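Heads up: the structure comes next, in structure tokens.
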2 protein chains.
Amino acid sequence: MKISQNIKVAVDAVVFGYQQKELSVLLIKRGVNPFKGSWALPGGLVLENESLEDAVERELREETGVTIDYLEQLYTFGTPGRDPRNRVVAVTYFGLVSPNHFKISANTDADEVQWFPIHKLPELAFDHATILDTGLKRLQNKINYQPIGFELLNNEFPFSDLENLYQTILNQKIDRRNFRKKILSFGILTETNKIHQPSSGRPAKLFKFNAQKYKELEESGFHFEIKFA
Amino acid sequence: MKISQNIKVAVDAVVFGYQQKELSVLLIKRGVNPFKGSWALPGGLVLENESLEDAVERELREETGVTIDYLEQLYTFGTPGRDPRNRVVAVTYFGLVSPNHFKISANTDADEVQWFPIHKLPELAFDHATILDTGLKRLQNKINYQPIGFELLNNEFPFSDLENLYQTILNQKIDRRNFRKKILSFGILTETNKIHQPSSGRPAKLFKFNAQKYKELEESGFHFEIKFA
DNA sequence: ACAAAAGTGTTGAGAATACACCCATGA
DNA sequence: TCATGGGTGTATTCTCAACACTTTTGT
């Protein structure tokens, strides 16, 4: 049974960053048709001998100059007609970028790539709005049971950053005392002896996520899990 | 930028069934090279104008004659070299089949399709062992926070079936009293007035999963979740 | 009467929640 | 001294875990 199939395979990435208490997504402005001039998720066709992960990383590098800190597969979108030219199956990825990699477009036209706060998104090309939404839901879910939030913070951070991050992503208030108690009880944060000087107010101790410790705990049956009132 | 890309897109399905206290997977015996004669997951190339879901359903129908009761996307495997012929990207699906759809191969050679208990698997073609494992993990995870277990049982079932199902899938003993209490407290089971006569022992009431009720509860913020000692 | 599976409650321990004031710093 | 954000403890409620005997039926 020989089937002549002419479907293209692409990768697209929903990449989140967090700065100044805002969650943002990395978008590029399309330079070619279709949807020329529209904003879209970074991505493109997979090369013949390239793994899917390599393809995403390459596209991100080429189109945005961003260094990605966390990457996992999100979902595959393949409905016929989602690309007006050919049939394109898009394997999408979910990425996180830490603030020190937040600077973008070292090697591309600065007009063509930009962080958009999640509440100020432009119209998106193709079905990218759906993809983005899928990515956001993944983030909102996963942050409750995997320590991925740390990827969106500096290596060393004051506790309030973590609080704010969760509040921003989940879009709800959380109890500061209970949250701190819970997170600290996990024993996956190391207290550094540095302190952070906020623009005003009392200085704060800086903490560090201890990935090594987390792995150990995980292997001995520990589950990171946060619930909110 | 024109890229000539010659990657094929396939779908494969990890389909689970549950009968006689055993969890089984649906496999087919390959009739063509490569891996002719090997067991493999049902699947095949996507047709030009067919959605991915349609493709899985078609392949399952054609190759196994099975009617699927639950289907969701699992993961996409695309490492170059996973198929020795062309580059093939496989979008894999995770399926569940209820006991009344357990009969297979109405329209295919009976030798070519078979349920294999999860602990008596043959060698599998391609990277299908990895895919199967991914599917099994999905099942083991998801059964804890989504009411998908019911898809593996008859429409009406005695409580012990549910207990055994969880024990089988999670491969651990669970406390009957606590389990029943927890599940019933959700209010997503309807007690029928039928009873089930076991081969020996006291007859049991039959229950039914109330999908309507579950949807309502879910919309009002309820989360199905089971934890075990 | 016995074997087999169904059905059923209570108690203690630990976790989640709700809640408000003092502290350290810079302006 | 004031404004700003950091840091901390307790009492109550709820949920989870541990645990064993009685009931109904067929043989």
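Remember, predicted model here, so these are calculated numbers, not experimental data. Sequence lines set the chain letters: A, B, ... in the order given, protein chains first and strands last, and positions in each chain run from 1.
A:Asp175 places its CG atom 15 Å from the P atom of D:dG9, with the value rounded to the nearest Å. To the nearest angstrom, C1' of D:dT13 lies 13 Å from CG of A:Asn178. In this structure, B:Leu206 atom CG and C:dA5 atom P are separated by 17 Å, rounded to whole Å. The distance from atom CG of A:Leu184 to atom P of D:dG7 is 10 Å, rounded to the nearest whole Å. Atom P of nucleotide D:dT25 and atom CD1 of B:Ile195 are separated by 7 Å, given to the nearest angstrom. In this structure, A:Arg177 atom CZ and C:dC22 atom P are separated by 12 Å, rounded to whole Å. If you take NZ of B:Lys227 and P of C:dA15, they are 11 Å apart, rounded to a whole angstrom. Spacing between atom CG of B:Asn144 and atom P of D:dC16 amounts to 13 Å, rounded to whole angstrom units.
Of the options B:Phe102, B:Tyr18, B:Trp39, B:Phe16, a ring pair (Phe, Tyr, Trp, His ring centres under 6.0 Å) to B:Trp115 is made by B:Phe102 and by none of the others.
Projected onto DNA chain D by closest heavy-atom contact, A:Gly201 and B:Ser200 fall at different nucleotides, the more 5' of which corresponds to A:Gly201. Looking at which nucleotide of DNA chain C each of A:Lys182 and B:Phe159 is closest to, the 5′-most match is held by B:Phe159.
In the displayed structure, A:Glu225 atom CD is contacted under 6.0 Å by more than 12 heavy atoms of other residues, nucleotides or ligands. Surrounding NZ of B:Lys208 are at most 12 heavy atoms belonging to other residues, nucleotides or ligands under 6.0 Å away.
Below the 3.5 angstrom threshold, one finds a donor paired with an acceptor across the side chain of A:Arg176 and the base of D:dG7. A donor-acceptor contact under 3.5 Å is formed by the side chain of B:Arg202 with the base of D:dT23.
A sub-4.0 Å separation between OP1 or OP2 of C:dA6 and a side-chain N or O of B:Ser160 is present.
A cation-pi arrangement, defined by a distance under 6.0 Å to the six-membered ring centre and an angle within 45 degrees of its axis, is present between A:Arg180 and A:Phe159.
Using a 4.0 Å heavy-atom cutoff across all strands shown, A:Ser199 reaches no nucleic acid atom at all. Heavy atoms of B:Lys205 sit under 4.0 angstrom from primed sugar atoms or phosphate atoms, though from no base atom.
By the 30° and 60° cut-offs, the orientation of the rings of B:Phe150 relative to B:Phe224 is perpendicular.
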